[in-house]
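To keep things clear, I will list the structure first and then write my remarks on it.
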Amino acid sequence: MSVAIPTYRGAAHLAAAIDSVLAQSLADFELIVIDDHSPDETAQILASYSDPRLICLRNPVNLGPAGNWNRCLSEARGHYFKLLPHDDVLAPHCLERQVAVLEADPDECIALVFSARDVLGPDGRRLTRRGYPGGREGRIAAAAVMRSCIRRGTNLLGEPGAVLMRRTLTARIGAFDATYPYVIDLDYWFRLLAHGDAWYCRDPLAGFRVSAQQWSVAIGRSQSKEFLAFVSRVGPRLSSAPGLADRMAARVMASLNNVLRLAFYRLYLR
């Protein structure tokens, strides 16, 4: 089991992310932290840990978010893989719960496991909770998940910390694609779902921190445009291509989500 934390200028919250992984009820994992040539106190924070499961690496030059995410993929050696941005945290039973789902699926019909997640403010206070519509735990057909994401104009599976996948499958589908940075994670989830279904854990097994400096906040202002471009690109690859009603719903909901998201950020991050 591999958990990888890509970090850049993450000194303010990096320790919380690391501690949340080291405190997992499932203890058999490697934790890889890759510093993308940060000019802050990241090196000193990493040097304060002595846990043998922790592997600390530093890029000799800055690779950018997508480049560092892909180095995390290439460095992982575990059977399962989770990417945890340095702003975010895991609930204590996250790995145990999600690994158990994949372990109970020897035929590998499940491509990924995802969960509800808490949205945290810069100080770690819970602001709200996000989950899959309907809230029922269990297996969800890949086509249904992808169509729901398209029609609702957003990533319903969640941020990387909420998702667990098999590393053999990541090796098959390759690197993260930052053509549309806002949906880089959703693009990857769709590519995984081309090989199996999803499993939803209704408990919040991860926490996603929002802050004014966050990459997704910075690029979120163009999210609706990128989401629609993403739908146009992936549509032909789906078993049932989005119809006119799906595309119209995506356009309306993506624009609405952008307005709501920016209002949320202004309310809590001002």
Exercise. Is a side-chain donor-acceptor pair under 3.5 Å present for Asn155 with Tyr182?
Worked result: no

Exercise. Does the Ser20 side chain pair with the main chain of Ala17, one donor and one acceptor, at a distance under 3.5 Å?
Worked result: yes

Problem set entry | Minimum side-chain heavy-atom gap Leu164-Leu112 below 4.5 Å | no

For this session: Please report the shortest heavy-atom distance between Met1 and Asp28, naming the atom on each side.
Result: CB-O, 3.5 Å

Exercise. Around atom CZ of Arg126, are there more than 12 heavy atoms of other residues, nucleotides or ligands at under 6.0 Å?
Worked result: yes

Problem set entry | Spacing of Arg151 atom CZ and Leu156 atom CG [to the nearest 0.5 Å] | 12.5 Å

For this session: Decide whether Leu84 and Trp69 are clustered together by the hydrophobic rule: side chain heavy atoms of Ile, Leu, Val, Met, Phe, Trp, Tyr closer than 4.5 Å, transitively.
Result: no

Problem set entry | N/O donor-acceptor pair under 3.5 Å between Asp107 side chain and Cys109 backbone | no

Problem set entry | Rounded distance (nearest 0.5 Å) linking atom CG of Leu157 with atom CG of Asp185 | 9.0 Å

Exercise. Is a side-chain donor or acceptor of Asn70 paired with a backbone partner of Phe176 at a separation under 3.5 angstrom?
Worked result: yes

Exercise. Honestly curious: do Leu26 and Ile18 fall in one hydrophobic cluster under the side-chain, below-4.5 Å linking rule?
Worked result: yes

Problem set entry | Main-chain N/O of Gly10 paired to Asp40 side chain as donor or acceptor, under 3.5 Å | yes

For this session: Please assess Phe230 against Phe190 for the test ring pair (Phe, Tyr, Trp, His ring centres under 6.0 Å), listing each intermediate value before the final yes or no.
Result: CA-CA 11 Å; Phe230 164 74; Phe190 272 38; 5.2 Å; yes

Exercise. Are Val101 and Tyr80 joined in one hydrophobic group, where the rule is that I, L, V, M, F, W and Y side chains link up if heavy atoms are under 4.5 Å apart?
Worked result: yes

Exercise. Hey, does the side chain of Arg209 reach the backbone of Asp87 with a donor-acceptor pair shorter than 3.5 angstrom?
Worked result: yes

Exercise. Just wondering, do Thr170 and Tyr188 contact through their side chains at under 4.5 Å, heavy atoms?
Worked result: yes

For this session: Tell me whether Leu169 is reachable from Val113 by hopping between hydrophobic residues (I, L, V, M, F, W, Y) whose side-chain heavy atoms are closer than 4.5 Å.
Result: no

Exercise. Glu75 versus Leu57: any side-chain heavy-atom pair under 4.5 Å?
Worked result: yes

Seminar exercise, completed: Closest non-hydrogen contact found for Tyr8 with Pro39 is CE1-CD, 3.9 Å

Exercise. Is the backbone of Phe29 close enough, under 3.5 Å, to the side chain of Gln24 for a donor and an acceptor to pair up by distance?
Worked result: no

For this session: Evaluate the side chain to side chain contact (heavy atoms under 4.5 Å, CB included) criterion for residues Tyr49 and Leu22: first the C-alpha distance (whole Å), next the side-chain angles of each, then the deciding distance (0.1 Å), finally the verdict.
Result: CA-CA 10 Å; Tyr49 288 90; Leu22 297 181; 3.9 Å; yes

Problem set entry | Exam field: side chain Lys82 to backbone Val163, donor-acceptor pair closer than 3.5 Å | yes

Seminar exercise, completed: d(Glu41 CD, Arg9 CZ) to nearest 0.5 Å is 10.5 Å

Exercise. Quick one: OG on Ser2 to CG on Leu31, what's the gap to the nearest 0.5 Å?
Worked result: 9.5 Å

Exercise. Leu73 and Ala175: which non-hydrogen atoms are nearest, and at how many Å?
Worked result: CD1-CA, 4.2 Å

For this session: Tell me, yes or no, whether the heavy-atom count around His93 atom NE2, taken from other residues, nucleotides or ligands under 6.0 Å, exceeds 12.
Result: no

For this session: For the pair His79 and Arg167, evaluate side chain to side chain contact (heavy atoms under 4.5 Å, CB included) and give the outcome as yes or no after the intermediate values.
Result: CA-CA 6 Å; His79 190 58; Arg167 197 168 61 82; over 6 Å; no

For this session: Not counting sequence neighbours, list each pair that qualifies as a ring pair (Phe, Tyr, Trp, His ring centres under 6.0 Å) and has a residue in residues 97-123.
Result: Phe114-Tyr132, Phe114-Tyr200

Exercise. With the threshold set at 4.0 Å, does a side-chain nitrogen-carboxylate oxygen contact exist between Arg130 and Glu159?
Worked result: yes

For this session: Output yes when Arg129 and Asp118 qualify as a salt bridge under the 4.0 Å nitrogen-oxygen rule, no when they do not.
Result: yes

Exercise. With the 4.5 Å side-chain cut-off for hydrophobic clustering, are Ile45 and Ile55 part of the same group?
Worked result: no

For this session: Could you walk me through whether Asp177 and Arg233 pass salt bridge (charged side-chain N to carboxylate O under 4.0 Å, His left out), step by step?
Result: CA-CA 12 Å; Asp177 181 353; Arg233 185 177 73 166; 3.1 Å; yes

For this session: State, with a plain yes or no, whether a side-chain heavy atom of Arg166 is found less than 4.5 Å away from one of Phe81.
Result: no

Exercise. Just by modelled atom types, is the Ala27 backbone N or O under 3.5 Å from a matching donor or acceptor in the Arg53 side chain?
Worked result: yes

Problem set entry | Cys56 side, atom SG; Asp35 side, atom CG - distance, nearest 0.5 Å | 9.5 Å

For this session: Determine, for Glu137 against Arg97, whether the closest basic-nitrogen to carboxylate-oxygen distance falls under 4.0 angstrom.
Result: yes

Exercise. How far apart are the C-alpha atoms of Trp199 and Ile140, what are their side-chain angles, what is the distance that settles it, and do they pass the side chain to side chain contact (heavy atoms under 4.5 Å, CB included) test?
Worked result: CA-CA 6 Å; Trp199 185 282; Ile140 310 172; over 6 Å; no

Problem set entry | salt_bridge(Asp88, Arg117) N-O dist < 4.0 Å | no

For this session: Indicate the atoms forming the closest heavy-atom contact of Leu193 with Val145, along with that distance.
Result: CD1-CG1, 4.0 Å

Problem set entry | Side-chain touch Ile5/Ile34, heavy atoms, less than 4.5 angstrom | no

Exercise. Charged N to carboxylate O under 4.0 angstrom, Arg139 versus Asp197?
Worked result: yes

For this session: State, with a plain yes or no, whether a side-chain heavy atom of Arg58 is found less than 4.5 Å away from one of His37.
Result: yes

Exercise. Considering all heavy atoms of both residues, which atom of Ala91 and which atom of Pro204 are nearest to each other, and what is their separation?
Worked result: CB-O, 3.7 Å

Exercise. Going from CZ on Arg191 to CG on Leu186, what distance comes out if it is rounded to the nearest 0.5 angstrom?
Worked result: 11.5 Å

For this session: Report the C-alpha distance between Gln44 and Thr42 in whole Å, list the side-chain angles of each, state the deciding distance to 0.1 Å, and finish with yes or no for side chain to side chain contact (heavy atoms under 4.5 Å, CB included).
Result: CA-CA 6 Å; Gln44 294 92 312; Thr42 294; over 6 Å; no

Problem set entry | Close side-chain approach of Trp189 and Val183, heavy atoms under 4.5 Å | no

Exercise. Side chains of Asn59 and Asn68: donor-acceptor distance under 3.5 Å anywhere?
Worked result: yes

For this session: Would you mind reporting whether Leu14 and Val33 have side-chain heavy atoms less than 4.5 Å apart?
Result: yes

Exercise. Does CG in Asp51 sit with more than 12 non-hydrogen atoms of other residues, nucleotides or ligands closer than 6.0 Å?
Worked result: yes

